[in-house]
S.K.: 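Supplied in structure tokens, the structure appears directly below.
The chains referred to below are lettered A, B, ... by the order of the sequence lines, with proteins before strands, and numbering in each begins at 1.
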Amino acid sequence: MTMTSIAQLTIGATDLAAALLFLYGLKRMSSPVTAPSGIFVAGIGMLVAVLASFFYVFDVSAAAKPHLIVNVGLGVLALAVGGGFAWWGGKKVAMTAMPQMVALYNGMGGGAAGAIAAVELFGTKAPGIAQLVVTLLGALIGAISLSGSLIAWAKLEGVIKKPLRMRGQQYFNIVVLLGTLAVAGYLIYVTTGPSSQLLPTPQLIYLFFGCALVYGILMTLPIGGADMPVVISIYNAATGLAVGLEGFVLANPALMIAGMVVGAAGTLLTLLMARAMNRSVSNVLFTNFGGAPKHKPSHIKGELKPTAAADAGIFMRYAKSVIIVPGYGLAAAQGQQKLYEFVKLLRAAGVSVKFAVHPVAGRMPGQMDVLLAEAGVPYDLIFQLDDINDEFKTTDVALVIGANDVVNPAARSDKSSPIFGMPILNADQAKQVYVVKRGQGKGYADIVNPLFYADNCNMVYGDAAAVLTMMIEAVRGLGAKAAA
Amino acid sequence: MDFSIQITGFVALYIFMLAAFAGWVIIGHVPAILHTPLMSGSNFVHGIVVVGGMYVLLNASTVQQQAIGFFAVLLGAGNAAGGYAVTGRMLAMFQTSGHKTEHAKRGHAKHRRPKAV
């Protein structure tokens, strides 16, 4: 056997194994019990596939042979620098910043797919028309995913504070997209057909990528920060699709399978997330939700009734059952650890404590579960909306910490409310509700919450971590007195 | 012997169809608690694009191709490594009462048999 066939055999076999490990790993990741091992399994697949990719050196084109040593050096450097920085960043970043990190890494994947397409387009091989169409399609999706993900990252990171909108933006976006497609079409025409072209091909390729990148930016800018999770999920699916298409161009089935699996899985995840927010995907993309004109709270009766943190803490100590509704405010204040400390005190005193997590609590579906788990909260104390919503009626205290829209009863009753129809946690049905909030401002979606004005609701103003510290001290103080 | 892979028209469509179906079914009934980790996990999986980047970089014959190929591997490696780091951290946290973080942190779940799901 020649070195070339050994290389082909090795790469073929490892890529096959990698595809299998990805599928098996993803399957394991879809259940909380097996999830941690799932990523490990997929990781092994990735590692062997990357190592095996060095066998390509025995199977390069004749034109590339003289450059092989430089190319291998560049490859090792790129793997070390790109992988090293991303690994370091992924390990170092705070748990609350996870969504934007996912966006960033996703954008890099899209950029890689676009770059592969660019090399193919600039290449010397004359591609067939199907090859060319697939390359361009993958490049388009990859480039949009790159620039769009970067905007999503900037929004979540707070670099871009407000949705940027202008009159007729949708039409402008459509024009840009059509323009990009037109450039792609012209590119196909000049590459495959005999013709005298206006622009030389390299310039056309630059123009194509430029348009695609601009479209990704324009498409993402008007979308509000609260919807970014859904947008990231869309771009995640898009990157998968782009990778799959470039896999076809490179005749690499592992890329095709991994990319298309992610494309489909990401699409389904997007739909699930959108459903959890009671929004359709097109609604998220095109209706510019968030930062909309303020909703008039004219019909809300009652007033805000502030109370001291210590009083609320002691009240819960003597309650039979408490359901805690955590929100982004808790995460922003880094109060998860304090919260669990407080919960342990309550549980030691015989109070039944449960966590009710709304599907879109935090900035990304499931993020609150992750944050609570990080603080050591066992996940059998954490309940999802459908499982716990009927229990609020029979619960003594609902403690809402840094959450707002997910407990807004207007979603149930007020047809004029922008979040009408969104499934919410029925915290208002508990006998007593405490809402821990930084100030009197509105939630992320900027909607007034009638719950705060209800008779059975008291407000505890302050930073979540500080409030919880006061609650802990108050309950501890009781314990000391009881012992004395 | 020739082990090179050729994929033409319909074979590609069959692969795409089956892979898409597999992805759809695998994610099918996933609980909301896993939405973010799974998004991150699938984000890691498309990091396999780094292998495609390696292919084009090693086959590069002009400075331009080398530069873009380098860029592709750089970004792809970032996608894969960062995706793994972030997903691993998220998933290491899933544990039940009575089990301490010691095992969970290492990513080996087989020693843990949680009671409640």
Side-chain angles (χ1 to χ4, degrees), chain A residues 5 8-9 22 26-27 29-30 32 35-37 39-40 43 49 53 56 60 63-64 71 74-75 78-79 82-83 86-87 90-91 102 105-106 108-109 111-112 115-116 118-119 236 240 243 248 250-251 255-258 260-262 264-265 268 359 364-367 369-370 373-374 378 380, chain B residues 1 3-5 7 12 15-16 19-20 23-24 26-27 30 32-33 35-36 39-43 45-46 48-49 51-59 61 65 68 70-88 90-91 93-94 96-97 107 109 114 116-117:
Chain A
S5 9
Q8 286 174 346
L9 185 62
F22 287 155
L26 272 178
K27 179 67 200 161
M29 271 186 250
S30 60
S37 67
I39 183 68
F40 186 67
S53 70
Y56 281 129
V60 293
N71 288 351
L74 285 174
L79 284 175
W87 181 267
K91 287 284 177 196
V102 175
Y105 296 140
N106 179 57
M108 293 171 93
I116 291 172
V119 174
N236 183 40
V243 171
F248 168 73
L250 300 178
L255 260 70
M256 292 172 72
I257 290 173
M260 201 47 75
V261 163
V262 175
L268 183 55
M364 189 180 269
Q367 191 194 10
D369 306 275
V370 171
E374 184 194 26
D380 46 10
Chain B
M1 266 186 284
F3 292 104
S4 67
I5 296 171
I7 298 166
I15 292 177
F16 280 147
W24 191 270
I26 286 171
I27 302 298
V30 60
I33 188 169
H35 279 175
T36 296
M39 177 155 84
S40 179
S42 56
N43 176 40
V45 166
H46 67 52
I48 187 70
V49 70
V51 170
M54 284 297 286
Y55 177 81
V56 296
L57 175 58
L58 293 176
N59 279 292
S61 53
Q65 288 181 339
I68 307 175
F70 179 81
F71 192 59
V73 176
L74 190 77
L75 293 181
N79 184 181
Y84 186 88
V86 167
T87 313
M90 285 187 199
L91 290 178
M93 291 161 188
F94 287 95
T96 44
S97 325
V117 181

S.K.: Quick check for you: among A:Ala265, A:Ala115, A:Gly75, which has the greatest number of heavy-atom pairs under 4.5 Å with chain B?
M.R.: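 Highest number of heavy-atom pairs under 4.5 Å: A:Ala265.
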
S.K.: If you look at every heavy atom in B:Ala77 and A:Ala78, which pair is closest and at what distance?
M.R.: CB-O, 4.2 Å

S.K.: What heavy-atom pair brings A:Tyr105 and B:Asn43 nearest, and what distance separates the two atoms?
M.R.: CB-ND2, 3.6 Å

S.K.: Which heavy atom of B:Tyr84 sits nearest to which heavy atom of A:Gly43, and what is that distance?
M.R.: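 Looking at all heavy atoms of both residues, the shortest contact is CE1-CA, 3.6 Å.
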
S.K.: Taking atom CG of B:Leu57 and atom OH of A:Tyr56, what is their separation to the nearest 0.5 Å?
M.R.: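 With rounding to 0.5 Å, CG (B:Leu57) is 12.5 Å from OH (A:Tyr56).
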
S.K.: For residues B:Ala85 and A:Lys91, report the shortest heavy-atom separation together with the two atoms involved.
M.R.: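 Taking every non-hydrogen atom into account, CB-N, 4.2 Å.
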
S.K.: Could you check whether atom CZ of B:Phe70 has more than 12 heavy atoms from other residues, nucleotides or ligands sitting under 6.0 Å from it?
M.R.: yes

S.K.: Using a cut-off of under 4.5 Å on heavy-atom pairs, state which of A:Leu255, A:Asn236, A:Val60 scores highest against chain B.
M.R.: A:Asn236

S.K.: Heavy-atom pairs under 4.5 Å with chain A: which of B:Gly41, B:Gly53, B:Ala72, B:Ala80 has the most?
M.R.: B:Ala72

S.K.: Side chain, backbone, both or neither: which part of B:Ile48 has an atom under 4.5 Å from a heavy atom of chain A?
M.R.: both

S.K.: Can you give me the closest heavy-atom contact between A:Ser53 and B:Leu58, atom names plus distance?
M.R.: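 The pair with the smallest heavy-atom distance is O-CD1, 3.7 Å.
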
S.K.: What distance do B:Gln65 atom CD and A:Asn71 atom CG have between them, rounded to the nearest 0.5 Å?
M.R.: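 The distance works out to 9.0 Å.
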
S.K.: How long is the gap from CD1 on A:Ile39 to OG1 on B:Thr87, to the nearest 0.5 Å?
M.R.: 4.0 Å

S.K.: Using side-chain heavy atoms (C-beta onward) and a distance below 4.5 Å, is A:Leu79 in contact with B:Met54?
M.R.: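 In contact.
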
S.K.: Are B:Val45 and A:Val261 close enough that some pair of their side-chain heavy atoms sits under 4.5 Å apart?
M.R.: no

S.K.: Side chain to side chain contact (heavy atoms under 4.5 Å, CB included) for B:Leu74 and A:Met108? Distances and angles first, verdict last.
M.R.: CA-CA 9 Å; B:Leu74 190 77; A:Met108 293 171 93; over 6 Å; no

S.K.: What are the two closest heavy atoms between B:Ala20 and A:Ala264, and how far apart are they?
M.R.: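 Shortest heavy-atom separation between B:Ala20 and A:Ala264 comes out as O-CB, 3.0 Å.
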
S.K.: Do the non-hydrogen side-chain atoms of B:Leu91 and A:Met29 ever get within less than 4.5 Å of each other?
M.R.: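 Yes, close enough: below the 4.5 Å cut-off.
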
S.K.: Look at A:Ala258, A:Ala118, A:Ala86 and state which one has the largest set of heavy-atom pairs under 4.5 Å with chain B.
M.R.: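 Looking at each option in turn, the highest pair count goes to A:Ala86.
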
